[in-house]
Each structure stands twice: as structure tokens, then as C-alpha cells.
Amino acid sequence: MAGSEPSENQKFCLQEVLDTFKLCLSDSKEVYLEHYVAGWRGLIKFLNCLGSVFGFISKDAVNKIQILVNYLNGENGPHYVTMQSMVKYELENDLVDLTKRGSHSESGCRTLLRLHRALRWLELFLERLRTSTEDSKTSNMCCEAYNESLAQHHPWVIRKAAGMAFCVLPGRAAFFEVMNVGTPEQVVAMLGEALPLISEVYQITEELYKEHNMLDLP
Ligand SMILES: CCCCCCCC/C=C\CCCCCCCC(=O)N[C@@H](COP(=O)(O)O)[C@H](O)/C=C/CCCCCCCCCCCCC
């Protein structure tokens, strides 16, 4: 594998990501931003194990996570506890560029939307991985999931770069090893547990953005 050996706290652990997504939803099905970004942080550890070819993707995701963490830790932090409270606060205070980019080009709503779209890619990719066979190619699964989701929001140059990165993804067996779960059967079982959680978080976010006409924020 292309990446260097990660230290213990940089090591990816699917169970950890699963636990984080379990914490995302409140009893009233609001999405806690803190756990949502923690879930992404866990996933980025995986990306970092794959080598520097994925650096440009990891950098963009880290940057977006940091924007949200800054809001969470900032003076208006209490408004950013859940996605629902963030949306309400930013909309009520005209803090979102709704039609064209202006003075709020790094709003929480816009930033989260980019990660939300990536969550759909993840859902589609993990479902393919879960139902894959030994000879399935991770690059094909990743590419198909990307074309059905994120690619529709990316310009040609990003799509090209992403396509090139997918070509150097490790094979299914090596990929499963990086997941740090156990046998392929155990990986498949854990994916089966993780997917409904990821799907539910995705659906709730999608509904929230649809309700406020924010699925196309510039
Ligand atoms: C369970 C273990 C197996 C799967 C582990 C997957 C780990 C994936 C971790 C992170 C995924 C990356 C998230 C990328 C967020 C991209 C957000 C985005 O769309 N940004 C673009 C738009 O932003 P603005 O310009 O409007 O601010 C930005 O232009 C993008 C730049 C970078 C390229 C993004 C390519 C995304 C490809 C996603 C597939 C990742 C491949 C991972 C392979 C396992």
C-alpha cells in the first residue's frame, strides 16, 4: 500500500466510525454536528492510509470539517449544536448565500452541504462493498458511486483528478484489511450495521435541506 504506516491514534477503525454515527441522532432525530464531524474525521483516517494521491481529497474534507468545528467552538457555538439549530440560526440571521456566492461563502449550511453530498457517495460505495464478491474491483465500485452522486456537483478537472485517484485504490482484500475489523465476513457484517445509520443521517439532512430549499447552495 502506498501510504506510510499510521500511528495508533491515526489508525482507521470502522467500529469507531460506526459508534460515532450511532451518536449522531438525538431522540427527536436532530443531527449533532459534533458527532457528524467526528464521523468524518474517522473516515479521513482511512483516506490518509491510502497514500498521498488522495491528499487533495483529504485536504478539502479536513478544511470543511475545520470550518464547522470553528463554528462549534466559536462564540455562537450553542447555535451549532445540531444541524437543525445551525440551519435555523444561519437563515434567521441572513448568514447563508442562497443564490450566488457573496460574503457568506463559508457558511455552516454551505459547508455541511458539501459533506452531505459526499455522505451519499459513501453510502453508495459502502453498499457496493458490502454486496461485492472477491473479484470485485474497489476502483469500479468507487467510480460508480461517485458518478451517481458527487460527480454531478464537480467540475471536469475535479472529476478527472478523482477518477485518476480511484485507479490506484487497493484491491478488495487489502481494502478490507485497512478497515481493521477482522475477516471479510466480519467486515461485511459491520458494513451491514453501519449502512442504515449512515442512510438515516443522510435522509434526515436531505429532508432538512429540501425543506429550506438549500440543496443547491452555491
Ligand atoms: C468505511 C471505510 C471505507 C470507506 C472510507 C472512505 C473514506 C472517505 C473519506 C473521505 C471522503 C472524502 C470526502 C470528500 C468531500 C468532498 C467535498 C466536495 O465535494 N468538495 C468540492 C466542492 O467544494 P467547494 O469547492 O464547493 O468548496 C471540492 O471542489 C472538492 C475537492 C476535492 C475532490 C473531491 C473528490 C471526492 C471523491 C470522493 C471519493 C473519495 C475516495 C475515497 C476512496 C476510498
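Order of listing sets the numbers, starting from 1, for every ligand and every atom in it.
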At a 4.0 Å threshold, what atoms of ligand 1 neighbour a non-hydrogen atom of L14?
1 (C)

Nearest protein heavy atom to atom 43 (C) of ligand 1, by residue and atom, and its distance?
L169 CD2, 3.8 Å

Atom indices of ligand 1 within 4.0 angstrom of L43 heavy atoms, with elements:
7 (C), 9 (C)

Look at atom 15 (C) of ligand 1 and say which protein heavy atom is nearest, naming residue and atom and giving the distance to 0.1 Å.
A118 CB, 3.8 Å

Nearest neighbour of atom 42 (C) of ligand 1 from the list V17, L47, L126, N48, on a heavy-atom basis:
L47

salt_bridge(E193, K22) N-O dist < 4.0 Å:
yes

Nearest-0.5 Å distance that lies between atom CD1 in I158 and atom NE2 in H153
14.0 Å

Taking non-hydrogen atoms only, is L191 closer than 4.0 angstrom to ligand 1 via side chain, backbone, both or neither?
neither

Look at the aromatic rings of F46 and F12 and report parallel, tilted or perpendicular, splitting at 30° and 60°.
perpendicular

Atoms in ligand 1 with a heavy atom of M179 nearer than 4.0 Å
2 (C), 3 (C)

Is the number of heavy atoms from other residues, nucleotides or ligands under 6.0 Å of E106 CD greater than 12?
no

For atom 25 (O) of ligand 1, which of H153, R110, H154 has the closest heavy atom?
R110

Out of Y146, F176, F46, W121, who is nearest to atom 8 (C) of ligand 1 when you count heavy atoms only?
W121

Distance from atom 22 (C) of ligand 1 to nearest protein heavy atom, with residue and atom
R114 CG, 3.9 Å

Check this for me, if you would: do E206 and R120 make a salt bridge, where the nitrogen-to-carboxylate-oxygen distance has to be below 4.0 angstrom?
no

If you count the atoms of ligand 1 from 1 in the order shown, which ones are under 4.0 Å from a heavy atom of F12?
1 (C), 2 (C)

Note the single closest protein heavy atom to atom 12 (C) of ligand 1, along with its residue, its atom name and the distance in Å.
I57 CG2, 3.5 Å

Counting from 1 in the order shown, the ligand 1 atoms closer than 4.0 Å to a non-hydrogen atom of W40 are 10 (C), 11 (C), 13 (C)

Find all atoms of ligand 1 within a distance of less than 4.0 Å from any non-hydrogen atom belonging to L150, and give their numbers and elements.
19 (O), 36 (C), 38 (C)

List every atom of ligand 1 that sits less than 4.0 Å from any heavy atom of D60, numbering the atoms from 1 in the order shown and giving each element.
16 (C), 17 (C), 18 (C), 20 (N), 21 (C), 28 (C), 30 (C), 31 (C), 32 (C)

Once you round to the nearest 0.5 Å, how far does CZ of R117 lie from OH of Y209?
9.5 Å

Value rounded to 0.5 Å, distance of CD in E123 from CZ in R128:
11.0 Å

Any idea how Y80 and Y89 line up, ring-wise: parallel (<30°), tilted (30 to 60°), or perpendicular (>60°)?
perpendicular

Should the pair Y202 and H116 be assigned to parallel (<30°), tilted (30 to 60°) or perpendicular (>60°) ring geometry?
parallel

Is the ring pair W40/Y36 parallel, tilted or perpendicular, if the boundaries are 30 and 60 degrees?
perpendicular

When distances are taken from atom 27 (O) of ligand 1, the protein heavy atom at minimum range is K64 NZ, 2.9 Å

SG/C109 to NZ/K88 distance, rounded to the nearest 0.5 angstrom?
13.0 Å

How far is atom 29 (O) of ligand 1 from its nearest protein heavy atom, and which residue and atom is that?
I158 CD1, 4.0 Å

